[in-house]
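Below, all heavy atoms of this structure are taken into account, side chains as well, without hydrogens, waters or symmetry copies. Not measured: the values here are computed from a predicted model. In what follows, chains carry the letters A, B, and so on, assigned in the order in which the sequence lines appear, proteins first and then strands, with residues in each chain numbered from 1.
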Amino acid sequence: MSGEAGAIGSDQIIFATGGYDHTIKLWQTHTGNCQKTLQHAESQVNMLEITPDRRYLAAASYQHIRMFDLTTTNQNHDFNYEGVPKNVTAVGFEKNTKWMYSGGEDGKVRIWDLRETTNNPHHYEVFAPVTCVQLHPNQSEVFIGDQNGTIHMWDMKTDNADQYIPDLDNMIIDLAINPDGTHLAAVNSKGRCFIWSISGGCKSEERTTILPKNKFEAHPRQALKCKFSPDSNYLVTTSSDQTAKIWDAKNNFKLIKELKHNNKRWVWDAAFSSDSQYLFTGSSDNIARLWNVKDGTIEREYVGHQKAITTIAFRDVFVPA
Amino acid sequence: MALYDNKYWLLSHIRNSFISTDDTGMCELVMVGENLPDSLVDALDKYPDTDDSQEEDDEIEHESYDIQLDSDFNVRKFGSNMSSWMEKMDQKRKRAGRSKNIKWESNAEKMSDEDRMKMFAKQEIPKEQPAFKSLLSEQIQNCIRMPKNPFMEYSKFDGSAQVGVPVRKYKIFLTMLPENQKNYPMLVVCVATAKIQELIGLICYKCSSSIVYGDFPLQPVSSYGLYITEEDGEVDRDFPCLDAKECVAKFGFTCLGLVEHKNNKIVTFENSEQLVMRNLEETLSSSEQASAALDESKQLIVDMELMKGHEIAMIAPLYQSYRAFIITKMRSKVEIHLGISGEKLEIDPVHQKNAKFVLSRQKPVSHHMDCIGSCIITDTKSSKTTFRIDYVSVPGNKEIVGSNSLPSNVSMKHYDFEADNATAEEIVQKMNIILDIRSSTSRKEFIATLEKKKEKKGFV
């Protein structure tokens, strides 16, 4: 098997899965073969994210964020970010990989300077465990969801923040902003989905404001993830009701497809291909699946994890049309 | 130099050299058991100098200070404890050297406004992406018809890079490969809880997804066996293959050979489709060929099943006797021989030595097949199955076949039998095939009348 030692080149698709079995697996997407297994011995993996420069895979876990260099055959992590007293639940990057943001159960959102130009930390505290953090495409504001059901919009430049409470006392589980920066979506522990339209925020002095636009019952039980497709046409929500649902973001969030599998257990995470034609899901039956968005059929299955897959990270490659 | 003409010392030195240079451990195994001092002294020196021999005996007994025998012989055999420990330490050092720790400085000064302005300056949101295609979509669309790897499900038993799960490492010789490929073992790491069968599946999966062996047509898992194999790849055929249902942890062998069972009873028809796993990006035409091959093998399975059906039907009318129990009206069981042929059903009691109850005695009876209404399983328990045969009893046991209607004085009766599950199933199957075969027009009428009678009886 060539995969054992495989380094991932810049022209390759990266698809990583992680979860409760203390390993991170990288897959060859079109064959379903596991290319490489990274050990994550100390704890489960809460969230995986690939840097925009495609070089590193970051794994947020208990008290640590570990970064694995994907361009080498090295099986061990190369950077270990520590100092968070509890679980790190969210991680993400600035689009030029200048800095990284993280959110933790200790209620802090931290900014880590990856180029180490400054030693002065920047953080924001929310007084409730942070469940999710999303960066606005303008790279200047982050949206933070917490267990009290509050959404914080933190302007990192001015260090000001606004709060929104869409559904009191129901935990915000995940947030998503579409690539155009025009819509914000949130899902909560009751399976409800909230949509805001975002205005302003594109020019340097303009203030960003959000306006409630839509609210619907996406799932009968707790939702786990929401994500916009790269073309902003779809919104996918995954849930503990064992389904992933695709909603029409351009047409008042009508349900387009319900993706359901017979053996399927909780669907923890989802990721779109760059042309929004395919969707990856990871679920508690230890299998990740690739779905055709149009037909709702399963194209591939990725088998190999010993326990539930709770997070996936995917980065596609563009080829000239 | 004085030592070199001491034959005991020389011999000891040679022995030590053998032991310390032989990685397979075979020399150690052979030489350790010998009681050397005594045998040597006897064999080499007929007239020992009593003063000398004492200290030389000691010398031989000591062997070498370097070599200390330990009980876990297997560990020494393949790279000593020391080297694996060194390896581990080395890995740890490397890991520590390469990995960089960055700690959150909670007490440091806050970021200055100027820094913040620079670092978090608002950036323009890119407008719509230019018309590029996704590589993922392209690859998926290029191999739409790629057959699914049938061994995919076994990939979860892969033990490489597992954390906190006990694993086993094996050198596997793939004996079914062509001559030039089978001489080198494949290294397979398997979780220790897997069964031998699952290890075979994992080997097949590794084999089918490897670049080297990817084209080799693999059989289903059940047609392979794992045999104890020498380090040089020679399969030890004196022993049977490892039991497929046993856990891998039960066996201590680290070098195994995967052998295909040809024309063996283990190969069943249901599984005999040959699955050709091609390498990753195969052209459309070759995948069509593969699917054609699959269709062919599917057809073969259907044909084989049909044949099996015919065969059962052909042997069904042949006489066969089964041992079963008849359940009498007193709810007691009497052992009988149940003889079934295409024409007749015979019930013969087995001679009972201690038959005390006259009531439960069973008379031998015989029924014509056309008097039999049905034969069904009534109850299945873990070890026993009861089944019922409905029949028409005609006073005087006259022939009723051929007559268009049933005599008015017939009565519906049934026997209850009990037998072990397999026998009962066989009997019921045989009876039903016979009844099916005999479904002539007269019999159909007979059954219809029977139904009517039954209904009547039900109403009354």
Just do the side chain to side chain contact (heavy atoms under 4.5 Å, CB included) check on B/Lys122 and A/Glu141 with the steps written out, would you? CA-CA 8 Å; B/Lys122 277 187 185 165; A/Glu141 285 148 321; 4.1 Å; yes

Taking only residues two or more places apart in sequence or in another chain, which ones pass salt bridge (Lys or Arg N to Asp or Glu O under 4.0 Å) with A/Asp316? none

For B/Arg116, run the side chain to side chain contact (heavy atoms under 4.5 Å, CB included) check against A/Asp159, A/Ile111, A/Asp155 and tell me which one passes. A/Asp159

Do B/Glu138 and A/Val319 come within less than 4.5 Å of each other through their side chains, counting heavy atoms only? yes

So what's closer than 4.5 Å to chain B heavy atoms on A/Lys95: side chain, backbone, both or neither? side chain

What I'd like to find out is whether the side chain of B/Leu135 reaches to under 4.5 Å of the side chain of A/Thr29, using heavy atoms alone. no

Interface residue of largest heavy-atom contact number with chain B, from A/Lys98, A/Gln306, A/Arg110, A/Gln139, under 4.5 Å: A/Arg110

Please state whether the side chain, the backbone, both or neither of A/Phe15 comes within less than 4.5 Å of a heavy atom of chain B. neither

Name the member of A/His305, A/Glu299, A/Arg300 that forms the most heavy-atom pairs with chain B at distances under 4.5 Å. A/Arg300

So which of B/Ile125, B/Leu187, B/Asp113 has the largest heavy-atom pair count under 4.5 angstrom toward chain A? B/Ile125

NZ of A/Lys307 to NZ of B/Lys156, rounded to nearest 0.5 Å, is 15.0 Å

Distance (rounded to the nearest 0.5 Å) between A/Thr31 OG1 and B/Met152 CE: 7.0 Å

What is the distance from atom CD of A/Gln277 to atom CD of B/Gln141, rounded to the nearest 0.5 Å? 7.5 Å

What distance do B/Gln139 atom CD and A/Gln28 atom CD have between them, rounded to the nearest 0.5 Å? 7.5 Å

For A/Tyr278, is it the side chain, the backbone, both or neither that has a heavy atom under 4.5 Å from a heavy atom of chain B? side chain

Nearest-0.5 Å distance, CD1 of residue A/Ile65 to CD1 of residue B/Ile102: 9.5 Å

Test log, rule side chain to side chain contact (heavy atoms under 4.5 Å, CB included), inputs B/Asn142 and A/His30: CA-CA 9 Å; B/Asn142 280 349; A/His30 65 294; over 6 Å; no

What is the minimum heavy-atom distance between A/Lys157 and B/Ala121, and which atoms define it? CD-CA, 4.1 Å

The reported gap from OG in B/Ser134 to CD1 in A/Ile13 (rounded to nearest 0.5 angstrom) is 6.0 Å

Less than 4.5 Å to any heavy atom of chain B: does that hold for the side chain of A/Phe272, its backbone, both, or neither? neither

Look at the side chain of B/Trp104 and the backbone N and O of A/Tyr81, then say whether any donor-acceptor pair between them is shorter than 3.5 Å. no

Heavy atoms, side chains only, cut-off 4.5 Å: are B/Leu136 and A/Phe280 in contact? yes

B/Lys133 versus A/Phe318: any side-chain heavy-atom pair under 4.5 Å? no

What do the steps show when you test A/Val142 against B/Phe120 for side chain to side chain contact (heavy atoms under 4.5 Å, CB included), and what is the final call? CA-CA 11 Å; A/Val142 285; B/Phe120 306 112; over 6 Å; no

Between A/Asn292, A/Thr158, A/Asn286, which residue shows the highest count of heavy-atom pairs closer than 4.5 Å to chain B? A/Thr158

If one checks every heavy atom of B/Glu124 against chain A at 4.5 Å, the contacting part turns out to be backbone

Heavy-atom neighbours of A/Lys25 NZ exceed 12 at 6.0 Å: yes

I'd like to check A/His122 versus B/Asp115 (side-chain heavy atoms, cut-off strictly below 4.5 Å). Are they in contact? no

Side chain to side chain contact (heavy atoms under 4.5 Å, CB included) involving A/Glu82 - partner list, sequence neighbours excluded: A/His64, A/Asn80, B/Asn101, B/Lys103

